[in-house]
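These notes concern the structure reproduced below.
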Amino acid sequence: MSIAEAEKIVKFRIQRFDPSKDKKPYFKEYEVPIVKGTTILDALIYIKQNLDSTLSLRYSCRMGICGSCAMVINGIPRLACETQVLQLGEDIIEIQPLSNFPQIRDLITDFKVFFDKHKKVKSFLIRRDTEEQFNPKSEYLQPRERLKEVLPYTRCIACGICYASCPVIIKNEGFLGPEALAKAYRYIGDSRDEGVEERIPTLEEYPYGCWSCTTCSTCKLNCPKEVSGVDSAINIRSIMIEKGKIQPTLRDALESMYLHGNPWGRIRDKRSAWIQDQNLSIKDFTKNEKAELCWFVGCTPAYDPRVQQVAGALARILQKVNTDFGILGNEETCCGNEAYNVGEMGLFDELKEANLKLFEKYNIGRVITTSPHCYNAFKNRYGKISFEVQHYTQYLAELIDKGKLKFSRKIEKIVTYHDPCYLGKINEVYEAPRKIIENISGVKFEEMPRSKRMSLCCEGGGGLMWMDVPTPRLGEFRVEEAVEVGAEIILVSCPFCLINLEDAVKTTGKEDKVKVLDIAEFLSEVI
Ligand code: FES
């Protein structure tokens with residue numbers, strides 16, 4: 001590469017740190033000539049060879065196999081040798097060492113703890129038949145179906161990207177993390193392995209084993225080999241449940257889903273009591289009332305006193321814009337998304353069948369959900385469905401586009417938005433909530449540095465709503481981030497985020513600085 005041949009000159013801001021002379025890391029800038037196909041690794045090697053020989057980085061294969069060139073590129077952990085500079089479409093590229101790892105020097109991080117966890121789950125086939133091992137008479141074969149199950153996990157190159165992406169490790173350094181869980185399942189799921197019992201003590205230990213995964217899916221989203229740490233955690237949890245190794249509070253929530261159709265231990269006949277309590281009148285499909293759209297209210301908005309206010313606000317908005325909608329009343333049952341996330345697949349299937357029967361019975365063609373978790377269950381986990389499903393923010397954003405949702409009042413507030421994992425990262429719905437917020441006159445929107453695909457999880461997914469989460473909580477970090485950007489209101493669009501962030505405002509003592517509202521509540525103040 002030379003300046004004359006360059007298609008573009010790109011500025012690289014690289015985090016530097018030499019422990020022999022620097023007190024703390026700092027950024028240094030370099031200008032690099034870029035042509036089509038130049039990778040981040042090519043650019044870093046150019047800097048090292050032509051501009052600054054002191055830059056330290058790690059690489060080997062230069063073809064996405066060894067995993068040694070992982071680093072944070074414009075806020076996202078990626079392989080430098082697989083990331084093309086021009087495809088990023090940026091004039092300035094910021095490079096940092098992998099987060100969640102100690103920095104040794106410049107872009108070189110210390111993988112000791114990571115590999116200790118890798119070893120802890122015994123990342124190898126465990127066999128008892130020593131005779132067969134030392135005097136093999138045939139190959140160890142496994143059924144094709146089993147092979148298909150574990151094959152995706154064999155692609156892991158231990159680059160550390162999932163570990164750097166994982167929000168849980170920020171606060172819980174002892175958590176095994178996605179790589180170790182994926183490796184554990186790669187062997188536990190292998191029909192030739194006989195080591196499940198040996199691995200269980202490590203995997204069940206709370207809060208370090210499989211139960212701390214929030215299923216936020218940042219690891220899966222960033223993995224260069226499409227390995228799913230989340231799915232491995234869920235699969236391991238299924239094994240734990242089969243063996244009766246589950247937190248008692250989580251077991252109670254699952255039992256309640258089975259008995260009452262909700263995880264909160266509340267009776268089924270009171271599911272729609274919130275409607276009367278708020279003096280609302282809403283069509284009910286189960287009372288032979290017909291409507292164009294079915295609003296799937298969800299368990300938490302139906303039963304939790306705080307989130308019932310969100311349900312009330314959303315009902316009023318829908319009525320104000322003349323949406324012809326109805327609900328499934330007391331027949332609505334838990335969507336099962338969290339039963340799936342904790343690995344209780346039998347229960348998930350029952351809840352899925354119950355809801356699908358309801359949608360069929362009442363001839364439902366279009367559904368909106370309050371919760372991203374219900375949206376995800378219907379969209380991604382119910383298989384082929386015969387109805388269209390949207391999260392309510394998508395529906396309202398469409399109404400804005402059609403000119404049917406107008407705002408009559410101004411609200412002068414500085415707000416930020418916290419992306420719920422099950423709406424953002426998992427379903428890539430980033431713009432609809434922002435469109436609603438940005439259309440409200442007087443609002444000053446401040447994005448938090450960790451947003452969209454790198455948004456910080458509230459720690460409500462993966463069954464953690466019903467487990468005693470050790471402090472500090474991720475919600476507390478999130479509240480601090482919101483206060484740092486000057487937000488007076490943190491807007492959310494998920495019942496779990498609302499509960500967790502509101503708790504975090506209290507535990508961080510930030511009640512006088514910031515409050516948490518669902519977008520529906522905020523919106524109901526201005527239409
Ligand atoms: Fe081997 Fe990038 S240098 S993966």
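Both counts, for ligands and for their atoms, begin at 1 and track the order of listing. The figures that follow rest on heavy atoms only: side chains count, while hydrogens, waters and symmetry mates do not.
At least one N, O or S atom of Cys66 sits under 2.8 Å from atom 1 (Fe) of ligand 1. With 2.8 Å as the limit, Cys81 counts as an N, O or S neighbour of atom 2 (Fe) of ligand 1. Not a single N/O/S atom of Cys69, whether from backbone or side chain, sits less than 2.8 Å from atom 1 (Fe) of ligand 1.
Using a cut-off of 4.0 Å between Lys/Arg side-chain N and Asp/Glu carboxylate O, Asp231 and Lys220 are scored as salt-bridged.
Asn222 and Arg78 share no donor-acceptor pair across their side chains, judged by distance under 3.5 Å alone. For the residue pair Tyr375/Thr370, the side-chain donor-acceptor check at 3.5 Å is not satisfied. Looking at Gln96 and Gln103, their side chains never bring a donor and an acceptor atom within 3.5 Å of each other. No donor-acceptor contact under 3.5 angstrom links the side chains of Asn439 and Arg434, judged on distance only.
Contact atoms of ligand 1 toward Gly67: 1 (Fe), 4 (S) (distance under 4.0 Å to a heavy atom of the residue). The Ile65 neighbourhood of ligand 1 comprises atoms 4 (S), with distances under 4.0 Å to a heavy atom of that residue. Near Gly64, meaning under 4.0 Å from one of its heavy atoms, ligand 1 places the atoms 4 (S). Less than 4.0 angstrom separates some heavy atom of Arg62 from each of these atoms of ligand 1: 1 (Fe), 3 (S). Of all the atoms in ligand 1, the ones that sit under 4.0 Å from a non-hydrogen atom of Ser60 are 3 (S).
The cationic group of Arg192 does not satisfy the cation-pi geometry with Tyr140, failing either the under 6.0 Å distance to the six-membered ring centre or the 45° limit from the ring axis.
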